[in-house]
Structures are given as C-alpha cells and as structure tokens.
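Computation of the quantities below employed the complete heavy-atom set of this structure, encompassing side-chain atoms and omitting hydrogens, waters and symmetry-equivalent molecules.
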Amino acid sequence: MVYYAYIDDISDGSSPRYIAVFASRAVADEWWRGVSTSTNTKYSDSIRRVAPQFFTHDVSKASAASITDTQVASSFFGKVFFRLLPSDVGFSVIPILDLVDHVSGNLFFIRSKVSPNEYWYCPGSSTGNVTPNSKVYVSCTERTRFRVRLINERKDTTGTIMIGSDDIAITLTSTNLSIRVSRSGHLIVSKNPELGLKFSDFVNGFGVATPLLDNEGHRENVKELFKTDDGEEWELA
C-alpha cells in the first residue's frame with residue numbers, strides 16, 4: 001500500500017515543504033535507514049525522522065527531495081517521489097495511519113494481519129513460569145508480549161527502526177528465553193535466540209497449523225506456530 005510522509009524544513013519558515021510518496025511503509029523505513037547511515041554526512045546530518053509519517057530536513061545542508069548519494073538514490077529509484085507543497089494554496093492532508101513504530105528493543109504483541117484477534121502466545125509467560133523448549137502458539141483468547149530487537153543490538157543502535165533485511169531476536173519479557181525453531185519446525189523458546197531470523201519473516205515466514213484438539217476431540221483455543229517460507233503476514237502491535 002502506498003505510504004505518505006510530510007517533510008518539513010527547519011532552516012527557516014519559508015523554505016519548501018514536501019510530501020514524500022513511498023511504494024510502501026517498508027520502503028519508507030528502508031529509505032530512512034539508507035539516509036541515516038549514509039556516509040555522506042550532509043544528508044545524515046540534515047534529515048531527521050520525528051515520527052513514522054513526519055520528517056524534517058535542513059535545506060541549508062541538504063534537501064531530502066534531491067538526494068544524489070548513490071547509497072540512497074540508486075536503491076530507491078522508482079520507489080519514492082517527492083511532491084512540493086505550494087505555500088500559496090490550501091494544505092494537503094495525507095492519510096494518517098495508526099502505526100506502531102518498529103523500534104528495535106521495544107515491546108510488542110504479535111498478531112495476524114488477516115485475523116487481528118489472533119496473537120502469539122507462550123503459556124506461563126505472564127508469570128515467568130516458562131521452561132526451555134516450551135512451544136509458542138497462536139491464540140484468540142491469550143497473548144504474550146515480546147521484545148523484538150536487532151540480534152546484534154548495541155548502544156549505538158538503540159532506537160534503530162528495523163527493516164526487512166535485519167537479523168532479529170524475539171524474546172520473552174518475563175524471562176531470558178528467546179524464540180527458536182525446533183527440528184520439527186515449530187516455534188519454541190530457548191536460552192539462545194534463533195540465528196537467521198529476519199524482520200521480513202513477519203511478512204510470510206511464520207504459519208499456523210489447524211487448532212489443537214483436547215482429549216475429548218474438541219477444538220482448543222490455540223494453534224501451533226511454525227517456521228515456513230510460505231506463511232501468513234504478522235504485525236507488531
């Protein structure tokens with residue numbers, strides 16, 4: 001889905017303001033990573049991300065709308081464009097989205113994009129009464145809060161906006177256990193995080209099985225969760 005953001009100039013009160021149009025939210029976050037880590041400091045010093053849909057730039061240093069740095073410009077050609085906001089006409093209002101920012105190290109519930117009442121759930125996590133190799137499920141009645149972070153997070157990466165190519169760790173907040181993938185492909189918790197998990201796995205890297213049955217053959221309120229290459233989309237909430 002096309003994603004919009006405002007870009008305001010902070011150098012003075014009369015300089016141009018823009019609307020940035022990105023091919024998707026993921027592209028917007030990737031663009032920000034490229035800008036903020038650019039070796040061309042005039043861009044990384046000028047452009048700031050205030051909120052998911054609001055940036056600032058100091059045009060006396062560099063304009064976000066005229067980036068020529070090859071690290072950014074070539075990678076996002078055809079994925080983003082900038083529209084000048086005229087100062088002599090009515091203000092253009094972009095669709096404002098209710099977003100959870102994908103900040104590394106923050107706490108999130110993880111829910112199905114298709115069925116947003118279905119959440120990841122690890123039994124016993126609310127009290128810390130979880131043992132290694134316990135399974136993680138999907139539930140309509142229970143949910144667990146997880147910490148999602150860059151797997152090699154350092155002090156200088158605190159607050160980083162996560163993008164699809166990032167290696168991540170998903171950990172419980174009540175105990176020092178992390179998501180791993182069992183030999184059978186099911187998601188379990190372990191003392192060591194799973195290596196190779198990508199932030200993009202939330203797009204289609206996890207799937208669910210049919211609901212479990214109790215001893216009497218009745219459906220339970222949980223489904224098993226497993227790693228796959230053709231799963232469903234999940235979102236951080």
Side-chain angles (χ1 to χ4, degrees), residues 1-8 18-39 43-44 47-57 64-65 67 69-83 94-116 118-120 146-153 157-171 179 187 193-208 225 227-237:
M1 182 176 69
V2 174
Y3 181 87
Y4 303 88
Y6 291 114
I7 302 179
D8 186 28
Y18 294 89
I19 289 179
V21 183
F22 298 93
S24 67
R25 178 189 181 181
V27 169
D29 288 345
E30 291 164 6
W31 177 85
W32 167 242
R33 175 69 64 83
V35 168
S36 61
T37 60
S38 174
T39 55
Y43 294 115
S44 56
I47 303 167
R48 293 288 181 266
R49 184 181 187 273
V50 181
Q53 291 185 276
F54 192 89
F55 295 84
T56 63
H57 63 174
I67 293 178
D69 180 79
T70 55
Q71 179 180 341
V72 179
S74 60
S75 299
F76 295 96
F77 182 76
K79 297 180 182 179
V80 57
F81 68 88
F82 302 89
R83 181 172 183 178
I94 65 174
I96 302 301
L97 305 176
D98 185 14
L99 299 173
V100 171
D101 218 359
H102 297 157
V103 178
S104 174
N106 279 8
L107 306 183
F108 306 95
F109 293 111
I110 303 172
R111 67 184 181 188
S112 168
K113 190 74 175 287
V114 175
S115 302
E118 295 186 345
Y119 288 82
W120 287 23
F146 296 89
R147 186 183 305 279
V148 183
R149 61 174 177 83
L150 302 177
I151 198 165
N152 293 319
E153 188 175 52
T157 61
T158 300
T160 297
I161 304 301
M162 295 177 285
I163 61 174
S165 58
D166 286 334
D167 291 307
I168 62 168
I170 307 171
T171 61
I179 294 290
L187 263 61
E194 179 74 14
L195 298 179
L197 282 184
K198 299 285 188 182
F199 191 69
S200 60
D201 284 331
F202 287 122
V203 176
N204 61 358
F206 304 105
V208 294
L225 186 62
K227 187 73 176 68
T228 180
D229 293 328
D230 189 24
E232 62 179 270
E233 187 170 359
W234 304 87
E235 61 183 0
L236 306 183

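The shortest side-chain heavy-atom distance between Met162 and Leu150 falls under the 4.5 Å cut-off. The side-chain heavy atoms of Ile19 and Tyr6, taken from C-beta on, include a pair separated by under 4.5 Å. In this structure, Val203 and Lys113 have side chains that are not in contact, with every pair of non-hydrogen atoms separated by 4.5 Å or more. Counting heavy atoms from C-beta outward, Asp166 and Arg33 have side chains that approach closer than 4.5 Å. Taking the side chain as every heavy atom from C-beta outward, Arg83 and Tyr18 never approach each other to under 4.5 Å. Using a 4.5 Å heavy-atom cutoff, the side chains of Met1 and Leu97 are in contact. Looking at Lys227 and Leu197, their side chains come closer than 4.5 Å, going by heavy atoms from C-beta outward. You'll find the side chain of Ile110 reaches within 4.5 Å of the side chain of Leu236, heavy atoms only.
Judged purely by atom type and a 3.5 angstrom limit, Arg149 has no side-chain atom pairing as donor or acceptor with the backbone of Ala169.
Listed by chain and number, the residues in a salt bridge (charged side-chain N to carboxylate O under 4.0 Å, His left out) with Arg49 are Asp29, Asp101 (sequence neighbours excluded). Residues that satisfy the salt bridge (charged side-chain N to carboxylate O under 4.0 Å, His left out) test with Glu30, not counting sequence neighbours, are absent from this structure. For the salt bridge (charged side-chain N to carboxylate O under 4.0 Å, His left out) test, no residue two or more places apart in sequence or in another chain qualifies with Lys79. For Gln53, there are no side-chain hydrogen bond (donor to acceptor under 3.5 Å, both in side chains) partners two or more places apart in sequence or in a different chain. Listed by chain and number, the residues in a ring-ring contact (aromatic ring centres under 6.0 Å, His included) with Phe199 are His102, Phe202 (sequence neighbours excluded). Partners of Glu232 according to the salt bridge (charged side-chain N to carboxylate O under 4.0 Å, His left out) rule, which considers only residues two or more places apart in sequence or in another chain, do not exist here.
Note on Lys198 versus Asp167: salt bridge recorded, some NZ/NE/NH1/NH2 to OD/OE distance being below 4.0 Å.
The shortest non-hydrogen separation linking Gly196 to Asp201 is O-OD2, 4.2 Å. A pairwise comparison of heavy atoms in Thr228 and Asp230 identifies OG1-N, 3.2 Å as the closest pair. Between Tyr3 and Pro52, the closest heavy-atom pair is OH-O, 2.6 Å. The heavy-atom pair separating Ile7 from Ala20 by the smallest distance is CD1-CB, 3.9 Å. Between Ile179 and Phe146, the shortest heavy-atom contact is CD1-CE2, 4.1 Å. When all heavy atoms of Ala64 and Ile67 are compared, the closest pair comes out as O-CG1, 3.6 Å.
For the atom pair OG of Ser112 and OH of Tyr119, the computed distance is 10.0 Å after rounding to the nearest 0.5 Å. Remark: Trp120 CH2 to Ile170 CD1 distance equals 4.5 Å, nearest 0.5 Å. The distance from the CD1 atom of Ile151 to the OG1 atom of Thr171 is 10.5 Å, given to the nearest 0.5 Å.
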### Message
Before you tell me yes or no, could you show the steps for Val103 and Thr160 under side chain to side chain contact (heavy atoms under 4.5 Å, CB included), namely the whole-Å CA-CA distance, both residues' side-chain angles and the distance that decides it to 0.1 Å?
### Response
CA-CA 6 Å; Val103 178; Thr160 297; over 6 Å; no
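Ring geometry for Phe55 versus Trp32: interplanar angle of 30 to 60°, hence tilted.
Aromatic pair Trp234/Phe206: ring centres not closer than 6.0 Å.
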